[in-house]
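Report on one structure; see the data block that follows.
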Number of protein chains: 2
Amino acid sequence: MPGAQKGDFAAKLRVAQLRPTKQRVALARLLFAGADRHVTAERLHAEAANSGVRLSLATVYNSLHQFTAAGLLRQVIVDGEKTHFDTNTGEHHHFYFEGGDLLTDIPGGDVRIEGLPRAPAGTEIERVDVVVRLKSRG
Amino acid sequence: MPGAQKGDFAAKLRVAQLRPTKQRVALARLLFAGADRHVTAERLHAEAANSGVRLSLATVYNSLHQFTAAGLLRQVIVDGEKTHFDTNTGEHHHFYFEGGDLLTDIPGGDVRIEGLPRAPAGTEIERVDVVVRLKSRG
DNA sequence: CAATAGATTAGAATTATTCTAAATAACTCA
DNA sequence: TGAGTTATTTAGAATAATTCTAATCTATTG
């Protein structure tokens, strides 16, 4: 099976109804080749540049949003300045290191949240996000 | 006790080591006169203008941050675009209506979170935020 | 391969927020 | 109270993340 490596990402994109362009495949490789990870647009753009792929920041933004819409990524809002994207789309939560711009996952299965009120009339719960904000111990 | 109304806010500011200027007192009145509330800088600025107080947006930002540092307000990060400030500084969580830019409180006492892992070595938990994201029921 | 729909791009535009330096107002205390 | 000191306010410039635009490319399809 020659070309299998590369084909994985192209196939993944095709399943998501996204044309597997050079840029999208390159970003998909950076995002999905290894373990789950968290990225910002800026950082992913820098990484792409480092790994020899030339693409514009606009394309990174476009792709991150398209991947998110397709369910391949999920947005994590924790710091008001930048948007973080998470390759782990399953149920889970986050540790966030204030200032450090660093996120790590808390497996969802371990966490139970009890006593939440019902969703207000006319609405339904889309998702429950838990962010554990950390500071370094003085 | 004449001037008691106004004095409340000036006193509150003095306790917080903030000089009770006309602008800060006006903002404090808007924020703390009634029930707990959530505001953005832009909205508070508009409200101040409506209530006849002329102050700059920069002052609103300054004041919101100073109030927050003094423990009178708390920041709520839920939507990546704007920062929300909450007059309820006690333990509690939030419902967030996607798109609607609207926040409501979930009393903290009712909610229990179990199964969180320990804070990573060298860090401690500063706060645990729960955001229940709502969408309108289709 | 030609035609077409979709993607990429550079750079301008937008938005929230912060910064800067000058003008103003609050506080101190003699 | 009034001079002097210090903190605050302000308009507008600056910044930073993100989105938009219009033109240029590229993948796909027949």
Side-chain angles (χ1 to χ4, degrees), chain A residues 3 6-7 9-28 30 38-46 48-49 52-70 72-73 75-85 99 101 103, chain B residues 3 6-7 9-28 30 38-46 48-49 52-70 72-73 75-85 99 101 103:
Chain A
K6 178 172 180 197
F9 301 109
K12 182 162 189 155
L13 292 172
R14 251 188 279 267
V15 168
Q17 314 248 48
L18 294 168
R19 204 176 268 193
T21 63
K22 199 165 22 186
Q23 292 86 335
R24 293 210 273 229
V25 170
L27 292 175
L30 289 171
H38 303 93
V39 298
T40 60
E42 199 70 56
R43 259 204 302 246
L44 185 58
H45 184 240
V53 182
R54 181 185 297 341
L55 41 54
S56 75
L57 187 54
T59 297
V60 174
Y61 275 105
N62 288 341
S63 300
L64 286 173
H65 287 138
Q66 291 150 353
F67 290 7
T68 300
L72 267 34
L73 289 177
Q75 267 183 275
V76 186
I77 306 294
V78 285
D79 84 350
E81 330 216 311
K82 310 172 189 307
T83 300
H84 297 254
F85 292 84
D101 199 35
L103 273 175
Chain B
K6 178 173 179 195
F9 301 109
K12 182 162 189 154
L13 291 172
R14 252 186 280 267
V15 168
Q17 314 248 48
L18 294 169
R19 205 176 267 192
T21 63
K22 201 167 18 189
Q23 292 84 338
R24 293 210 273 230
V25 171
L27 292 175
L30 289 171
H38 302 93
V39 299
T40 60
E42 198 69 55
R43 258 203 303 246
L44 184 59
H45 183 240
V53 183
R54 182 187 294 346
L55 41 54
S56 75
L57 187 55
T59 297
V60 174
Y61 275 105
N62 288 342
S63 300
L64 287 173
H65 287 138
Q66 291 151 353
F67 291 5
T68 300
L72 268 34
L73 289 177
Q75 269 184 271
V76 186
I77 306 293
V78 284
D79 84 349
E81 330 217 311
K82 309 172 189 306
T83 300
H84 297 253
F85 293 85
D101 199 34
L103 274 175

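Lettering of chains follows the sequences in order, A, B, ..., and the numbering in each one begins at 1. What's counted below: heavy atoms across the whole structure, side chains too, no hydrogens, waters or symmetry copies. Just so it is clear, the structure is predicted and the values come from calculations on it, not from any experiment.
The shortest distance between the side-chain N/O atoms of B:H65 and the OP1/OP2 oxygens of C:dT17 is not below 4.0 Å.
Contact of the B:I77 side chain with the A:D79 side chain is not registered, since no non-hydrogen atoms from C-beta on lie closer than 4.5 Å. For the pair A:K82 and A:D101, the minimum side-chain heavy-atom distance is below 4.5 Å. Put simply, the side chain of B:L27 does not reach to within 4.5 Å of the side chain of B:F9, judged on heavy atoms.
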Tell me, for nucleotides 5-16 of chain C in 5' to 3' order, what letter each nucleotide earns: B for a base near a protein heavy atom under 4.0 Å, S for only sugar-phosphate near one, - for neither?
BSSSBS-----S

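A donor and an acceptor atom, one from each side chain of A:R54 and A:Q23, are nowhere located under 3.5 Å apart.
Atom-to-atom, CG of B:D79 to C1' of D:dA17 comes out at 14 Å; the value is rounded to the nearest Å. The CG atom of B:L13 sits 17 Å away from the P atom of D:dA7 (whole-angstrom rounding). Distance A:I77 CD1 to D:dA17 C1': 12 Å, rounded to the nearest Å. We find that NE2 of A:H45 is positioned 16 Å from C1' of D:dA16, with the value rounded to whole Å.
Across the helix from C:dC1-D:dG30 to C:dA30-D:dT1, the helix axis at one end is tilted relative to the axis at the other end by 30° (nearest 10 degrees, each axis from five pairs).
Looking at A:T68, its side chain does come within 3.5 Å of a backbone N or O of A:L64 through a donor-acceptor pair. One N or O on the side chain of A:H65 and one on the backbone of A:Y61 form a donor-acceptor pair closer than 3.5 Å.
A:F85 contributes atom CZ, which lies 12.5 Å from atom CG of A:L72 (distance to the nearest 0.5 angstrom).
Nearest heavy-atom pair, B:R24 versus B:Q66, reported as atom, atom and distance to 0.1 Å: NH1-OE1, 2.9 Å.
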